[in-house]
2 protein chains.
Amino acid sequence: MANELQDPRHSSAGAWAKRLYFASRAVMESVLRPYDIGSTQWYVLYQLTNDGPTMQRDLGRMLQVERATLSGIVSALVRKGLVEQTPDPADQRQRMLRITASGLKLWDELPDLALIEALAFDGVDAAELATVVKVLQAATQRLNNHLSKEIVDGDPLQP
Amino acid sequence: MANELQDPRHSSAGAWAKRLYFASRAVMESVLRPYDIGSTQWYVLYQLTNDGPTMQRDLGRMLQVERATLSGIVSALVRKGLVEQTPDPADQRQRMLRITASGLKLWDELPDLALIEALAFDGVDAAELATVVKVLQAATQRLNNHLSKEIVDGDPLQP
DNA sequence: GACAAATCGTTCGGTACCTAGCAATATTCG
DNA sequence: CGAATATTGCTAGGTACCGAACGATTTGTC
């Protein structure tokens with residue numbers, strides 16, 4: 001992101017969004033390290049445990065992650081024997097993901113990561129939190145809009 | 001981050017922080033793609049152009065990036081011939097980074113990335129923006145504190 | 001002066017993210 | 001029906017991040 005410019009940048013909301021993201025990931029990964037899984041792998045296990053077998057395609061949408069990315073994450077879990085990946089009989093293009101017995105066993109040992117979110121925003125005023133969500137959401141949308149327009153119009157940042 | 005849980009998570013401030021970070025990076029990278037450099041590589045060029053030759057050690061602190069990470073970024077820039085890395089005569093452990101003529105030439109062609117930050121938060125109320133920074137900063141700090149304590153106390157999330 | 005400790009950069013292995021392009025399979029439409 | 005199109009997942013190659021371990025060098029201390 002290169003957001004640590006002296007000027008407006010190192011104290012900007014964007015820079016803090018990045019820092020929070022990395023701090024949050026660092027906590028999750030330090031908690032998960034002993035179990036040898038990463039933060040997104042954790043979510044896949046969460047999903048498969050709580051909602052049962054899921055199509056890889058649908059999981060990608062829930063996670064908002066590209067197919068290529070999820071492909072790597074799933075293959076890591078399959079390699080570790082925690083998840084089973086089988087072709088869907090109805091549509092051979094799709095893959096069905098299912099947690100294995102070994103995956104379920106690991107899941108039961110895992111600490112509750114939801115506490116991290118609680119820890120981060122503990123005691124913050126609800127109205128302020130709502131403002132944060134509103135502003136970040138709006139900013140994200142503006143950037144994403146810009147991104148789509150760019151494809152059509154060329155690069156508006158370079159007049 | 002695995003922050004897209006149905007429950008409180010996919011609408012939480014933490015999840016939006018992640019989304020904003022990635023949206024912001026996506027915009028930067030789409031702008032920089034034609035020039036074949038990444039967002040952090042851009043910052044290194046920015047620094048070397050504006051503040052002159054810099055120690056790799058100091059650059060790491062400015063960017064708040066681990067030595068291992070910066071090492072890779074610098075070697076990518078050196079490979080592309082944009083940056084020159086030489087040992088500091090005074091302290092042979094340290095490396096001095098300097099932009100090359102070719103790097104300077106590229107820099108002059110690059111669009112102004114500062115506009116991205118402006119675009120994202122355009123028209124947002126200043127007071128709200130201040131709240132966002134305050135909350136994100138506090139949350140980051142809580143997580144980082146937790147991280148340091150964890151090393152001493154073991155894992156407080158797992159009672 | 002010599003040995004221990006700290007610092008700096010690199011390499012290695014891992015996670016998570018992306019685009020681009022490919023192969024296999026489904027679907028749509030003439 | 002059969003050809004064009006869309007969807008799904010994969011690989012390859014790139015960026016950006018981390019921790020751990022290693023070598024080289026400097027600093028601190030006895």
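In what follows, chains carry the letters A, B, and so on, assigned in the order in which the sequence lines appear, proteins first and then strands, with residues in each chain numbered from 1.
- Heavy-atom minimum distance, A:Pro111 versus A:Trp42: O-NE1, 4.5 Å.
- When all heavy atoms of A:Asn144 and B:Ala23 are compared, the closest pair comes out as OD1-CB, 3.6 Å.
- Heavy atoms of A:Val65 sit under 4.0 angstrom from primed sugar atoms or phosphate atoms, though from no base atom.
- The CE atom of A:Met55 sits 11 Å away from the P atom of D:dT8 (whole-angstrom rounding).
- Neither OP1 nor OP2 of C:dT10 sits under 4.0 Å from any side-chain N or O of B:Ser75.
- The minimum heavy-atom distance linking B:Ile73 with B:Gln41 is given by the pair CG2-CG, 4.0 Å.
- A close approach under 4.0 Å does not occur between any side-chain nitrogen or oxygen of A:Arg57 and OP1 or OP2 of D:dA6.
- The residue among A:Arg33 and A:Met96 whose nearest nucleotide of DNA chain D lies closer to the 5′ end is A:Met96.
- Each of B:Arg79 and B:Arg67 lies near DNA chain D, and the nucleotide nearest B:Arg79 is the one positioned closer to the 5' end.
- Taking only side-chain nitrogens and oxygens, A:Gln41 comes nearer than 4.0 Å to OP1 or OP2 of C:dA16.
- When the nucleotides D:dC18, D:dT8, C:dA16 are ranked by their closest atom to the side chain of B:Ala68, D:dC18 comes out on top.
- B:Arg25 has no side-chain polar atom (N or O) that falls below the 4.0 Å cut-off from OP1 or OP2 of D:dG14.
- Whole-Å rounding puts the B:Gln56 CD to D:dA24 C1' distance at 15 Å.
- To the nearest 0.5 angstrom, B:Leu110 atom CG is 12.0 Å from B:Lys105 atom NZ.
- A:Met62 contributes atom CE, which lies 5.0 Å from atom OG1 of A:Thr54 (distance to the nearest 0.5 angstrom).
- Rounded to the nearest 0.5 Å, atoms CG (A:Asn50) and CD1 (A:Ile99) are 9.5 Å apart.
- Minimum atom distance to the side chain of B:Thr69 is reached by D:dA16, of the listed D:dA16, C:dA16, C:dA20.
- Looking at B:Arg25 and B:Glu29, a side-chain N of the basic residue comes within less than 4.0 Å of a carboxylate O on the acidic one, giving a salt bridge.
- Computed from coordinates, the A:Gln94 CD to D:dC10 P distance equals 12 Å when rounded to whole Å.
- When the side-chain nitrogen and oxygen atoms of B:Ser39 are compared with OP1 and OP2 of D:dA16, one or more of them lie within a distance under 4.0 Å.
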Check: protein-nucleotides 25-28 of chain C nitrogen or oxygen pairs below 3.5 Å:
residue	atom	partner	partner atom	Å
C:dA26	OP1	A:Gln92	N	2.6
C:dA26	O4'	A:Arg93	NE	3.3
C:dA26	O4'	A:Arg93	NH1	3.3
C:dA26	O4'	A:Arg93	NH2	3.3

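- If you measure from atom CG of B:Leu63 to atom C1' of D:dC18, you get 15 Å, rounded to the nearest angstrom.
- Atom OG1 of A:Thr69 is separated from atom CD of A:Gln64 by 12.5 Å, given to the nearest 0.5 angstrom.
- Here the nucleotide nearest the side chain of A:Phe22, chosen from D:dT8, D:dC17, D:dC10, is D:dC17.
- Here A:Arg57 pairs with A:Gln94 under the side-chain hydrogen bond (donor to acceptor under 3.5 Å, both in side chains) rule; sequence neighbours left out.
- Between the CG atom of A:Asp36 and the P atom of C:dG13 there is a distance of 15 Å, given to the nearest Å.
- Distances from the side chain of B:Gln85 to the nucleotides C:dA16, C:dC8, C:dG9 place C:dG9 closest.
- Taking atom NZ on A:Lys18 and atom C1' on D:dT15, their separation rounds to 12 Å, with Å as the unit.
- Going from atom CZ of A:Arg95 over to atom CE of A:Met55 covers 10.5 Å, rounded to the nearest 0.5 Å.
- The interatomic distance linking A:Glu66 (CD) with D:dA16 (C1') rounds to 17 Å, in whole Å.
- Here B:Lys80 reaches the OP1 or OP2 of D:dT15: one of its side-chain N or O atoms lies under 4.0 Å away.
- In this model, the phosphate group of D:dG9 is not approached by any side-chain N or O of A:Ser71 to a distance below 4.0 Å at OP1 or OP2.
- The strand DNA chain D forms stems, runs of 3 or more Watson-Crick or G-U wobble pairs with distances below 3.5 Å, at C:1-30 with D:1-30.
- The separation between B:Arg95 atom CZ and D:dG23 atom C1' is 11 Å, rounded to whole Å.
- In this structure, A:Gly14 and B:Leu20 approach most closely via the heavy-atom pair CA-CD2, 4.5 Å.
- Across the interface with DNA chain C, nearest-nucleotide mapping of A:Glu29 and B:Glu29 shows A:Glu29 to be the residue nearer the 5′ end.
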